[in-house]
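Presented below is the structure to which this report refers.
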There are 2 protein chains.
Amino acid sequence: MKNAGVHHPIFDEIADLARTLGHAHRLVLLRHIADGELAVEQLTQLSGIALANTSQHLQHLKRAGLVQTRREGKRVLYRLADGPIENVLAALRSLANHRREQIRELINDTMSRPDRLENISREELVRRMRNDEIVLLDVRPQEEYAAGHLPGAINIPVDELEERLAELPREKVIVAYCRGVQCVLSADALAILRARGWASRRFEGGFPEWLTSGLDVDGMNYESG
Amino acid sequence: MKNAGVHHPIFDEIADLARTLGHAHRLVLLRHIADGELAVEQLTQLSGIALANTSQHLQHLKRAGLVQTRREGKRVLYRLADGPIENVLAALRSLANHRREQIRELINDTMSRPDRLENISREELVRRMRNDEIVLLDVRPQEEYAAGHLPGAINIPVDELEERLAELPREKVIVAYCRGVQCVLSADALAILRARGWASRRFEGGFPEWLTSGLDVDGMNYESG
DNA sequence: CAATCAATCAATCAATACATTGAATGAGAG
DNA sequence: CTCTCATTCAATGTATTGATTGATTGATTG
């Protein structure tokens with residue numbers, strides 16, 4: 001029952017090779033050696049690995065047949081052995097890159113619908129306004145703000161935002177809004193706020209959604225409309 | 001002084017990958033998975049690795065992003081992840097083969113002058129003939145044998161050797177000889193004998209050297225010459 | 001030959017990796 | 001809901017691996 005697993009010894013040999021490549025120090029050393037014959041001490045300087053440690057890793061590489069040595073005076077020069085060594089390294093590098101890209105894509109997937117965290121619904125907005133948990137930021141031009149805005153909203157047009165950040169409290173969540181879904185002003189504002197470290201969200205519907213919901217507004221034209 | 005060795009983190013990632021490939025069991029599992037989706041237990045049977053152990057190695061492969069899983073009923077099916085995984089395996093295999101060939105060549109180097117062990121000097125030959133330690137084998141054509149041969153030699157022409165091996169004792173060392181240094185008959189005979197497991201050597205000088213040394217010969221023409 | 005330099009060896013310790021065992025989970029089947 | 005099957009988890013003991021230190025070898029220089 002045990003002999004089912006008697007596999008070709010080539011697997012052991014490949015595993016040995018792979019294990020030899022399975023240490024960053026050895027990869028770094030190989031990388032340098034690949035550029036030309038180098039003595040041990042030069043390698044320690046290039047790699048920053050302690051002398052004795054470098055020597056040990058080099059011997060490991062040598063045992064595995066990946067490098068060869070030659071003595072010149074008191075120094076021992078290491079060079080790449082022949083054989084398709086660089087192919088293996090290239091293949092590994094390529095696979096690592098592939099993997100890294102996939103991870104990057106995964107991150108982007110969760111970043112490309114940050115809408116849930118970025119956007120705030122009207123319901124949540126109203127609720128948190130009542131609890132005084134947020135600060136409303138109207139980023140439309142001053143004229144539009146004057147014509148009507150959400151209750152208690154501060155007006156800082158996007159192009160002035162950078163210079164007037166000091167007017168915003170750090171301890172509350174900033175909710176930016178503008179003319180509505182097709183308007184990018186509040187999105188731009190968010191980029192600025194988040195870059196500066198503010199906790200900030202966006203009311204995507206903006207002033208129009210607020211209006212059509214029949215909620216109270218501040219501002220002259222709507223005072224009694 | 002320590003920061004000289006701050007290398008690109010890609011080396012760590014590659015090292016992780018390589019270390020993942022650095023175990024024969026995982027290579028075997030990968031090998032099977034590469035042929036198509038397989039459940040854990042099927043893999044244990046194909047590989048002969050204990051169940052829990054198989055599972056652990058599979059998870060290792062999964063963590064490294066080399067395989068992916070899918071549940072089907074109670075079974076979990078493992079398949080190769082995408083990316084240039086097989087390239088890496090092929091490159092490693094090729095490097096291992098290269099290395100193996102080089103080792104084979106090294107062995108051949110020490111085998112290609114096995115003359116010391118293969119050839120027997122006239123002195124040693126005579127001594128061991130006296131001690132009855134060897135069997136002399138004349139591989140020349142029967143006519144030449146009849147015309148004269150070393151004392152006690154058996155005659156089996158090379159082209160009959162394969163069929164007549166039974167005539168040779170297994171417990172003694174066979175010493176083959178033929179027409180001399182430039183004659184390959186005895187070398188061919190040796191190849192056959194050794195392939196069949198006989199302890200055998202070659203008297204390279206052959207019949208001519210024996211003659212010129214003035215030693216006794218058997219056979220008509222030389223009985224009194 | 002003593003002194004020096006480059007590299008390796010040897011010994012030690014901490015950290016990891018593997019195999020094995022038995023328990024725990026998850027999914028169907030009765 | 002219990003039972004079984006496939007797989008995973010958790011815990012344990014052992015073996016390897018890697019880093020560090022200090023001693024040692026080999027070759028060169030004065």
Report summary line: To the nearest angstrom, the CD1-P distance between B:Ile49 and D:dT8 comes to 14 Å
Report task. Taking all non-hydrogen atoms of both residues into account, name the closest pair between B:Arg201 and B:Glu124 and its distance. Result -> NH1-OE2, 3.0 Å
Query raised in the report: Are B:Ser55 and D:dT8 close enough that a side-chain N or O sits under 4.0 Å from OP1 or OP2?
Result: yes
Report summary line: Heavy atoms of A:Leu30 and A:Leu80 approach each other most closely as CD2-CD1, 3.5 Å
Report summary line: Closest heavy-atom pair, B:Leu17 versus B:Ala64, reported as atoms and distance to 0.1 Å, is CD2-O, 3.9 Å
Report task. Could you tell me whether A:Arg170 sits above the aromatic face of A:Trp198, with NZ or CZ closer than 6.0 angstrom to the six-membered ring centre and within 45 degrees of the axis? Result -> yes
Report task. Both distances under 3.5 Å, Watson-Crick or G-U wobble: report the partner of D:dT25, or none. Result -> C:dA6
**Report entry** N or O in side chain of A:Tyr78 less than 4.0 angstrom from C:dA6 OP1/OP2
**Finding:** no
Report task. Check the angle between the aromatic planes of A:His57 and A:His25 and answer parallel, tilted or perpendicular using the 30° and 60° thresholds. Result -> perpendicular
Query raised in the report: For the side chain of A:Ala52, counting heavy atoms from C-beta on, which of D:dT7, D:dT20, C:dT20 is nearest?
Result: D:dT20
Report task. Compare the minimum distances between each of C:dA7, D:dT20, D:dG18 and the side chain of A:Gln56, then state the nucleotide with the smallest one. Result -> D:dT20
Report summary line: Rounded to whole Å, the CD-C1' distance (B:Glu41 to D:dC5) equals 9 Å
**Report entry** Protein-nucleotide distance (B:His23, atom NE2; D:dT16, atom P), rounded to Å
**Finding:** 11 Å
Query raised in the report: Does a salt bridge link A:Arg122 with A:Glu209, judged by any charged N lying under 4.0 Å from a carboxylate O?
Result: yes
Give me, pair by pair, the N or O atoms of the protein and of nucleotides 24-30 of chain C that are less than 3.5 Å apart, along with how far apart they are.
none

Requested in this report: Could you tell me the separation between the CZ atom of A:Arg75 and the C1' atom of D:dA27, rounded to a whole number of Å?
Outcome: 12 Å
Query - Side chain of A:Val76 (C-beta onward), nearest among D:dA19, C:dA7, C:dA19 - result: C:dA7
Query raised in the report: Separation of A:Arg70 atom CZ from C:dT8 atom P, in whole Å?
Result: 14 Å
Requested in this report: With a 3.5 angstrom cut-off on both distances, give the Watson-Crick or G-U wobble partner of D:dT2, or none if there isn't one.
Outcome: C:dA29
Requested in this report: Nearest whole angstrom, please: distance from the C1' of D:dT20 to the CG of A:Leu51.
Outcome: 12 Å
Query raised in the report: From A:Glu171 CD over to A:Glu133 CD, what is the distance, rounded to the nearest 0.5 angstrom?
Result: 13.0 Å
Query - Gap between atoms CG and C1', on A:Leu21 and D:dG18 respectively (whole Å) - result: 16 Å
Query - Point-to-point distance, once rounded to the nearest 0.5 Å, from CZ of B:Arg128 to CD of B:Glu123 - result: 14.0 Å
Query raised in the report: Is there a Watson-Crick or G-U wobble partner for C:dT20 with both distances under 3.5 Å, and if so, which one is it?
Result: D:dA11
Report summary line: The residue, A:Arg19 or A:Leu77, whose nearest nucleotide of DNA chain C is more 5′ is A:Leu77
Query raised in the report: What is the pairing partner of D:dG30, taking Watson-Crick or G-U wobble pairs with both distances under 3.5 Å in any strand?
Result: C:dC1
Report task. Decide yes or no for A:Tyr177 and A:Val139: does some side-chain heavy atom of the first lie under 4.5 Å from some side-chain heavy atom of the second? Result -> no
Query - Whole-Å gap separating P (C:dA14) and CG (A:Asn53) - result: 17 Å
Query raised in the report: Nearest heavy-atom pair of B:Leu136 and B:Met129: which atoms, and what distance?
Result: CD1-CE, 3.6 Å
Query - DNA chain C contacts made by residues 57-69 of chain A, counting heavy atoms under 4.0 Å - result: A:Gln59
